[in-house]
Amino acid sequence: MADRIDFSQYAEEPDLREMSREALQEYWETVRERIALLDEQEPEDMDSEEYESWGDRHEALEDLADEILDRLDELGGRL
């Protein structure tokens, strides 16, 4: 069985508007790593509550990654 990710350490996301371009790039990389780790834990049963919970966490991280890229665009370009 795969190790579980403790998302409690990410309970409060930083304010993207307060972050520098470099900090945003590093944060985007961290979020992508978290998504990759979560991908490794994808439940097999797509009809289970576990899968629904996994999907919600995955979608939230994908949304966050998109928000970071949007903020980078505002600052003048992406990665």
Ignoring hydrogens and angles, state whether a donor on the side chain of Y51 or E44 is under 3.5 Å from an acceptor on the partner side chain.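 No.
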Do R57 and S53 get their side chains close enough for a donor-acceptor pair, meaning under 3.5 Å?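 Side chains of R57 and S53: pair found under 3.5 Å.
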[atom1]/[X] to [atom2]/[Y] distance, rounded to the nearest 0.5 angstrom?
| X | Y | atom1 | atom2 | answer |
| --- | --- | --- | --- | --- |
| E26 | M19 | CD | CE | 8.0 Å |
| W54 | E42 | CH2 | CD | 3.5 Å |
| D56 | L61 | CG | CG | 11.0 Å |
| R71 | E18 | CZ | CD | 8.5 Å |
| L64 | L69 | CG | CG | 10.0 Å |

Atom CD of E62: over 12 foreign heavy atoms under 6.0 Å: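 Above 12, so yes.
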Is any side-chain heavy atom of R17 less than 4.5 Å from a side-chain heavy atom of E74?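 Yes. Closest side-chain heavy atoms under 4.5 Å.
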Please enumerate all residues that pass side chain to side chain contact (heavy atoms under 4.5 Å, CB included) together with A60, with sequence neighbours excluded.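 Per chain and number, A60 pairs via side chain to side chain contact (heavy atoms under 4.5 Å, CB included) with no residue.
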Tell me every residue that passes side chain to side chain contact (heavy atoms under 4.5 Å, CB included) with D47, counting only those two or more places apart in sequence or in another chain.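 If we apply the side chain to side chain contact (heavy atoms under 4.5 Å, CB included) test to D47, skipping adjacent residues, the hits are D45.
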Which atom pair, heavy atoms only, marks the closest approach of [X] to [Y]?
| X | Y | answer |
| --- | --- | --- |
| D39 | H58 | OD1-NE2, 2.5 Å |
| L75 | L24 | CD1-CD1, 3.5 Å |
| W28 | A65 | CD1-O, 3.6 Å |

Determine, for R32 against E29, whether the closest basic-nitrogen to carboxylate-oxygen distance falls under 4.0 angstrom.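 Here R32 does not pair with E29 in a salt bridge, since their nearest N and O are not under 4.0 Å apart.
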